[in-house]
Amino acid sequence: MDGFVSLFSAYWWLLFPLGFFIAAGWSSLMRFKNTQARLELLKTYAASGQEPPEALLTDIDAPLATYETTQPRANGATGFLVTLFAGLAGVFAILGYTGALGSYDAEFYVVAAILGVLALAFLVSGVATGGRAPRA
């Protein structure tokens, strides 16, 4: 049990990226199931010789059509992400510098560096696109 506690205390921060990966995988699986159900419904209409409703056909093409026809708009998401990751990088850097949570200063500096690089990447992306993001 001591081994598990020491392992958890050293790598607790890995729960956050793991949670994001699980959430993204779940979202992808649900989109796949939704598309699969729509295709099964179309197969049912085709097998019975009926014409599917127009709303069903346009609903299937909607994500692609929406992405192709919408113009980018400013939504503030880029600024939020830059602020979030820069703030988190600062917090982890301060925790590493002060040693407030034990002798994990090197680990906190690594996390701070990774978050700082992400903040910089979002900043460059925001400047390159003029702070605009495609509509979801």
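- One hydrophobic cluster, built from ILVMFWY side chains closer than 4.5 Å, holds both V82 and L88.
- Contact detail for G126 and T78: the closest heavy-atom pair is CA-CG2, 3.4 Å.
- Sequence neighbours left out, the pairs with a member in residues 77-103 that pass ring-ring contact (aromatic ring centres under 6.0 Å, His included) are F85-F122, F92-F108.
- Between W12 and F16, the two ring planes are perpendicular [angle over 60°; tilted spans 30° to 60°].
- We find the CG-CG distance between L115 and L84 to be 8.5 Å, quoted to the nearest 0.5 Å.
- Checking side-chain atoms of S27 against main-chain N and O of A23 turns up no donor-acceptor pair under 3.5 Å.
- Both V91 and L81 are assigned to one and the same hydrophobic cluster, defined by single-linkage of ILVMFWY side chains at heavy-atom distances under 4.5 Å.
- The salt bridge (charged side-chain N to carboxylate O under 4.0 Å, His left out) test applied to E40 returns K43, not counting sequence neighbours.
- For W26, the CH2 atom is loosely surrounded, since the number of other residues' heavy atoms within 6.0 Å does not exceed 12.
- The hydrophobic clustering, which links ILVMFWY residues whose side-chain heavy atoms are closer than 4.5 Å, places L123 and L118 together.
- T44 contributes atom OG1, which lies 10.5 Å from atom CG of L39 (distance to the nearest 0.5 angstrom).
- Between the side chain of S28 and the main chain of A24, no donor-acceptor pair closer than 3.5 Å is present.
- Atom CG of L14 is separated from atom CZ of F21 by 10.0 Å, given to the nearest 0.5 angstrom.
- Tracing side-chain contacts under 4.5 Å through hydrophobic residues (I, L, V, M, F, W, Y), one reaches Y11 starting from V111; they form part of the same cluster.
- Minimum interatomic distance between A112 and A93 (heavy atoms only, all atoms of both residues): CB-N, 3.7 Å.
- With T83 contributing its side chain and G79 its backbone, the two residues share a donor-acceptor pair below 3.5 Å.
- In this structure, G116 and A89 approach most closely via the heavy-atom pair N-CB, 3.6 Å.
- Shown here for W13 and A10, the closest heavy-atom pair between the two residues is NE1-O, 3.5 Å.
- Tested against R38 for a side chain to side chain contact (heavy atoms under 4.5 Å, CB included), the candidates T35, N34, L42 yield a single pass: N34.
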